[in-house]
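Each chain gets a letter, A, B and so on, in the order its sequence line appears, and its residues count up from 1.
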Protein chains: 4
Amino acid sequence: MIIVLKPDATKDDLKRIVERLESLGLKAHISKGKFRTIIGAVGDEAILQGEPLEVMPGVEKVLPILKPFKLVSREFKSEPTVIRVNGLKIGSKKVHVIAGPCAVENKEMIVEIAKYVKKAGATILRGGAFKPRTSPYSFQGLGVEGLKYLREAKRLTGMPVITEVMDPRDIEDVCEYADIVQIGARNMQNFRLLKEIGLTKMPVMLKRGLSATIQEWLMSAEYIVSQGNNNVILCERGIRTFETATRNTLDLSAIPVVKQLSHLPIFVDPSHGVGRWDLIEPMTMAAIAAGADGVMVEVHNQPEKALCDGPQALKPDRFLELMKAIKKIAKVVGRDL
Amino acid sequence: MIIVLKPDATKDDLKRIVERLESLGLKAHISKGKFRTIIGAVGDEAILQGEPLEVMPGVEKVLPILKPFKLVSREFKSEPTVIRVNGLKIGSKKVHVIAGPCAVENKEMIVEIAKYVKKAGATILRGGAFKPRTSPYSFQGLGVEGLKYLREAKRLTGMPVITEVMDPRDIEDVCEYADIVQIGARNMQNFRLLKEIGLTKMPVMLKRGLSATIQEWLMSAEYIVSQGNNNVILCERGIRTFETATRNTLDLSAIPVVKQLSHLPIFVDPSHGVGRWDLIEPMTMAAIAAGADGVMVEVHNQPEKALCDGPQALKPDRFLELMKAIKKIAKVVGRDL
Amino acid sequence: MIIVLKPDATKDDLKRIVERLESLGLKAHISKGKFRTIIGAVGDEAILQGEPLEVMPGVEKVLPILKPFKLVSREFKSEPTVIRVNGLKIGSKKVHVIAGPCAVENKEMIVEIAKYVKKAGATILRGGAFKPRTSPYSFQGLGVEGLKYLREAKRLTGMPVITEVMDPRDIEDVCEYADIVQIGARNMQNFRLLKEIGLTKMPVMLKRGLSATIQEWLMSAEYIVSQGNNNVILCERGIRTFETATRNTLDLSAIPVVKQLSHLPIFVDPSHGVGRWDLIEPMTMAAIAAGADGVMVEVHNQPEKALCDGPQALKPDRFLELMKAIKKIAKVVGRDL
Amino acid sequence: MIIVLKPDATKDDLKRIVERLESLGLKAHISKGKFRTIIGAVGDEAILQGEPLEVMPGVEKVLPILKPFKLVSREFKSEPTVIRVNGLKIGSKKVHVIAGPCAVENKEMIVEIAKYVKKAGATILRGGAFKPRTSPYSFQGLGVEGLKYLREAKRLTGMPVITEVMDPRDIEDVCEYADIVQIGARNMQNFRLLKEIGLTKMPVMLKRGLSATIQEWLMSAEYIVSQGNNNVILCERGIRTFETATRNTLDLSAIPVVKQLSHLPIFVDPSHGVGRWDLIEPMTMAAIAAGADGVMVEVHNQPEKALCDGPQALKPDRFLELMKAIKKIAKVVGRDL
């Protein structure tokens, strides 16, 4: 931690800051420059996190040196994390495609879509049973009944399933039926939910919040890992910007940035990222070209009648074409599909 | 709802859209212009919310006519909502000042600060017992113990208290000890929490999400009110932008916008809005000048040792000065303090 | 400047960085911490601006200590700058109100509006002759003819006039007719225009760019001042965010932030900030409460027929009411109007 | 244009709006719904652009039906525009790579880099002679001297050159030396510059503004084309968001969105998009996978001593690797390199 003093800071100000650092078990390294005096706090910077040194008299600003996350960082663990789900290896050379509808609407549709996407090459089935909806008047999901239909689809196709959990009280149910638990973008900083998931060993897909920095996102992953659950998959799904041509702005540079900072696998959800089915193919191609470990794509057999997010769902035949296209891209970047 | 057709939409496309609208109980009003055919869906637009008409062949875009919220709207209820809390009237002519520390750290500090802020003119005491923190390694609040200290401070000062709830499982406890329950910015779209709070009659302060539009914020209020709880106070606390000079960008234009759209009272939290104690006074003045029904200000007796958000807390003497200043502003805009 | 080394930086990396700093005339102050080695570059930090030390092997990040602007900073000049315009003192105790139409449409209208706003208490007349319009098919302003009408309005009312310049080739004309030259938001980083204006002694109002940080804005002011023209007035006019309820998001916290960082006067343009006439009054009140040195408000005698930005113009009677309201606010914050 | 009336709009309000539309030569198509009366303005919508109907009494909102750009739209011209530059075809099946330093620093370096990038497969040389810099104290470019060095590099390598123009007064010089003129992000709405460039026939690369919507960007292209110059190449270079891990957020979804809306070719500048050399390769891969017609990459022989943007420049050997990698990606998406 570097503490920059104000030009008019007094000797007493300096003394008090040094005393404060020393009382916290750190050494103060003072450097008087032409325009400013700066103090380097030598020792474990973590001690200073949350210490409001900014408000001490004479302090102009405080600059952190270290990143605030540890367990999820590359420095802590240099080799990539590979997560095993039902025999699959997430984060390995193989690129995984998660596909399925936004919401489970009934048994027939989820089974039918599951069969389609499996045939096309998807390895994991998605489907929401608990749905976070902006409006209280929108379809809120089938709940546990939806989880049961997912299990039926898994039984018939062999595909592991991923579904969202929104409430700590549902974790037990969701863990019983799902192979991967999803934490949605709106819950990325629902810290109680993160902690509870951290107490399980379930694979978790942690979506990036609508306006979360990459650092905040990794801090949320740290919440889970710090409780003992290392099975975290990150998922970029678009951030909120001023642009209205797309539902969100898909931040693909997050892929190589995360790869540098963390050992965790990272997926991309182009469906939420752009919100329009006709942009999904190019953005999926781009995601894999940029190094994503997998993608999550919404597929619906009747998008025009979908109860949720129809405009961003691919029809099965378009999904099949997409799978062919990304197979070639994966190969070029040294991955399998 | 207005449906704009693509220039190359066929007669069959048009026919199918009309049939779809009619099957939903709406009338289709067709208008062929020079460049586009447009269809007005006449009837209850709410029926169409969530219907993915965008994906029907021939559709270029769908324009909603009505706002998606109802119960919280001015059209539904034109007179302002006044919420009674412990004898206080929130949303009345009187501007209320909520003050206190970010977090309850121990009994002595909350009692001491409570006495200070009451003397200075604050009418409601704030203090967090359950704290949402970006880092799992930061102080997470005292929990129920903190709630008890708040009650003690209330007993000694007579001030009602507000505190945050983060988890549906804590609602019962928080409702037992608090007079107003706060839903934090990060939980603005924690829909399960909103619904549960909606089932109580507790006054709720709903903070705006970091990247929530005003419309989404009102939809979250609609979640609460639609369950039967009308006692919702909105609170603007800054939105996330590219600017880094302040912690967030305080959107004061939200005050008159909300006043036009909704009958609910609106407060402003300048402490989180700017994140720096030395900017709080001008922004509090501005908030009241713009028509806020109240403000929420962080006050700490030792900001430099605060366990949470010290840099944005006022010391008691600065708070006293602030109270004097805003008293005058309130009068100018026709309010009492 | 602080240079933080990577955990795996070698001795040779360190040596080369030290040599580089020394070759630039700076001293290197090395501090080896538990997790990182950091180097403080002691000497004139300005030497390092633009030096791409980040790309040297072993460097993790570079943290600047000083602000990049000088002449416009409070450290360089602690007392506020007061700019004289036609006998008025901008930046003094008196709050100034600039009023007038978005564009000069013809002689009659500008003269009529000028008389109105003068009577209501405005001290400076605005009116665009060269208009930056998003569409090439929109009204682009009357050019020099418009400047002549402004002069006529000035002759009849005695009010100094402000008008925008968009092109270095128009500076001579604009300076001949105007008392204050405006640099619009879209030209805030038109560096050639800034330099040319800097070579005159004309008072300049520099609007903040749509997505400019406060630091970038002050750097643009530095461009003007560094050429010898100290007469710069800053003007906050809203920044671009995700919110669509208002045209832009008016960042009123920029007022106290700028007051801390710089000695230049700062105005607010609520008309562009919100883009809707019915929100102008509360936001003007808030701007003055937050400490603005003045405001710029669009007034039109027939907003529904305005050739430019009609929706954000006040009618003369509403402007009169506004003037009465802000007179009281100004007094409360210790200013005159 | 659809005009939505307020619930309390009177018959007189309606009558006045209809009269206004008719006076402008349009027909009013009235539709009375359950909650709102809406008026469709039938005829040439362009007539209404800029008409401030929002301020007429009784109007709640105005919804445009058509896009505001014409000449640059797919509806106006369905086949893609191919621009010829020195024998090259921009916007054809072949993906073009523009490479070179941020700024021309001297003759030797630009010639050396030109030879390198040509050998590696680049087809166009970049190099700034007039540089827009945030700080007045940074290197501002060599001006006409730099243009002469670019011509020398062209003479020796045969590569056409692209360079930026910032001031209408430099257009003649730049057009004499360059093959493609670049309008930088900060000048995207420098409308006078756009118009002047529109009066030439020079190929222009129009970079997207830092906070420009895609629609505004296309409107700026419309400025150029409406003056008679059809040779416009768009270039996405990152938009400003809250994320600080990268210099900007590269919006790759702009590629397919622009391809749908417009016939103009679109390039991507990953160097400015991310601002860090170590992220350029994955983002270039992604750009081509998403359908870009070309990329512009900064290459410098000594990035650590570059006078401008060193941190985002590739060294020649890394550029060579990049060229190999993107050759394969281009093939997969049906393009040549």
Side-chain angles (χ1 to χ4, degrees), chain B residues 1-9 21 25-48 59-70 73-78 209-211 215 238-249 260-261, chain D residues 1-9 21 25-48 59-70 73-78 209-211 215 238-249 260-261:
Chain B
M1 201 79 92
I2 300 289
I3 298 149
V4 181
L5 300 196
K6 289 182 180 166
D8 58 358
L21 291 176
L26 298 159
K27 273 192 223 161
H29 188 131
I30 299 166
S31 165
K32 297 197 184 196
K34 195 171 169 186
F35 301 101
R36 289 287 189 288
T37 294
I38 62 175
I39 305 171
V42 183
D44 186 357
E45 186 172 310
I47 293 168
L48 290 179
V59 175
E60 181 169 294
K61 60 180 170 182
V62 174
L63 303 169
I65 299 300
L66 300 179
K67 311 226 160 47
F69 46 85
K70 290 175 217 169
S73 73
R74 278 273 176 199
E75 287 174 42
F76 181 78
K77 174 169 178 288
S78 58
L210 274 77
S211 63
Q215 181 168 300
I239 56 174
R240 181 154 276 186
T241 70
F242 58 84
E243 178 59 66
T244 55
T246 43
R247 183 174 178 179
N248 295 290
T249 296
Q260 284 184 4
L261 295 174
Chain D
M1 201 78 90
I2 300 288
I3 298 148
V4 181
L5 299 196
K6 288 182 181 166
D8 59 357
L21 291 175
L26 297 159
K27 271 192 225 162
H29 188 128
I30 299 165
S31 165
K32 298 198 183 193
K34 195 171 168 187
F35 302 101
R36 290 286 191 285
T37 295
I38 63 175
I39 306 171
V42 183
D44 187 356
E45 186 171 311
I47 293 168
L48 290 180
V59 175
E60 181 169 292
K61 59 179 170 182
V62 174
L63 303 168
I65 299 300
L66 299 180
K67 309 225 161 48
F69 46 85
K70 292 176 216 169
S73 73
R74 277 272 175 199
E75 286 173 45
F76 182 79
K77 175 168 177 290
S78 58
L210 273 77
S211 62
Q215 181 167 301
I239 56 174
R240 181 154 277 186
T241 69
F242 59 84
E243 178 59 67
T244 55
T246 44
R247 184 173 177 179
N248 295 292
T249 297
Q260 284 184 4
L261 295 174

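- At a 4.5 Å heavy-atom cutoff, the contact between D:I2 and chain B is made by side-chain atoms alone.
- D:S211 meets the side chain to side chain contact (heavy atoms under 4.5 Å, CB included) test with A:F242, C:L210, C:S211, C:R240; sequence neighbours excluded.
- Contacts with chain B were tallied for D:G40, D:S31, D:G33; D:S31 has the most, counting heavy-atom pairs under 4.5 Å.
- For B:L63, the part sitting under 4.5 Å from any heavy atom of chain D is the side chain, from C-beta outward, and nothing else.
- Minimum heavy-atom separation, B:I39 to B:A28: CG2-CB, 3.8 Å.
- At a 4.5 Å heavy-atom cutoff, B:E243 makes no contact with chain D through either its backbone or its side chain.
- Salt bridge annotation for B:K6-D:E75: absent, with no cationic side-chain nitrogen under 4.0 angstrom from a carboxylate oxygen.
- For a residue to count as touching a neighbouring chain, one of its non-hydrogen atoms must lie under 4.5 Å from one of that chain's; by this rule B:K61 touches chain D with the side chain only.
- D:L66 meets the side chain to side chain contact (heavy atoms under 4.5 Å, CB included) test with B:F35, B:R36, D:E45; sequence neighbours excluded.
- Shortest non-hydrogen contact noted between D:M1 and D:P64 is SD-CA, 3.7 Å.
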